[in-house]
Amino acid sequence: QVQLVESGGGLVQAGGSLRLSCAASGRTFSSYTAGWFRQAPGKESEFVAAISFSGGSAYYQDSVKGRFTISRDNTKNTVYLQMNSLKPEDTAVYYCAANLKGRYYQSAYEYWGQGTQVTVSS
């Protein structure tokens with residue numbers, strides 16, 4: 001079992017930045033693939049970014065490429081999502097997730113955090 005707790009969400013103006021953190025507890029987090037997903041009101045959950053267990057590989061949804069950066073510090077059992085040049089359409093609840101399968105698609109994730117709200121005003 002691994003427990004995930006997100007933090008860092010908030011209200012920001014368009015063009016601003018936020019850094020989300022996902023702190024993991026439980027088993028060794030360095031073995032887990034980690035990802036960020038988001039869900040806007042009235043919309044389905046969507047993939048944002050993912051990172052391999054070592055941090056050597058990262059993947060992004062096209063709409064966030066060049067603006068968001070996923071990273072991890074396995075010594076701190078934490079995954080980050082640096083979000084720059086934020087747009088109103090980035091407004092959503094952001095969820096951290098983890099899996100031992102080494103896969104990036106949403107159904108592969110076994111563990112999920114409770115989510116943190118990000119609101120971008122125009």
Using a distance-only test with no angle check, is there a side-chain donor-acceptor pair under 3.5 angstrom linking [X] and [Y]?
X   : Y    : value
T78 : D73  : no
S45 : Q106 : yes
S25 : Q3   : yes

Are the side chain of [X] and the backbone of [Y] linked by a donor-acceptor contact shorter than 3.5 Å?
X    : Y   : value
T119 : L11 : no
T116 : G9  : yes
T28  : S30 : no

Does the side chain of [Y] come within less than 4.5 Å of [X]'s, by heavy atoms?
X    : Y    : result
Y109 : Y104 : yes
W36  : I70  : yes
S71  : Q82  : no
I51  : T33  : no
Y111 : C96  : no
R38  : V93  : no
E6   : Q114 : yes

Requested in this report: Give a yes or no on whether a salt bridge exists between K87 and D90, defined as a side-chain N under 4.0 angstrom from a carboxylate O.
Outcome: no
For residues [X] and [Y], report the shortest heavy-atom separation together with the two atoms involved.
X    : Y    : answer
V79  : A34  : CG2-CB, 3.6 Å
A14  : S122 : CB-CA, 4.4 Å
Q117 : T91  : NE2-CG2, 4.0 Å
S17  : S85  : OG-N, 4.3 Å

Requested in this report: Indicate, with yes or no, if the rings of W112 and F37 have centres closer together than 6.0 Å.
Outcome: yes
Query raised in the report: Hey, do the aromatic rings of Y32 and F53 have their centres closer than 6.0 Å?
Result: no
Query - Sequence-distant partners of N99, side-chain hydrogen bond (donor to acceptor under 3.5 Å, both in side chains), two or more places apart - result: none
Report task. Using the six-membered ring of Y80, assess whether NZ or CZ of R19 lies under 6.0 Å from its centre and within 45 degrees of the ring axis. Result -> yes
**Report entry** Ring-face cation of R72 near F29 (centre distance under 6.0 Å, axis angle within 45°)
**Finding:** yes
**Report entry** Neighbour count >12 (heavy atoms, 6.0 Å) for atom NZ, K76
**Finding:** no
Query - Set of side chain to side chain contact (heavy atoms under 4.5 Å, CB included) partners for V12, sequence neighbours left out - result: L18, L86, V120
**Report entry** N84 CG to F68 CZ distance, which is reported to the nearest 0.5 Å
**Finding:** 8.5 Å
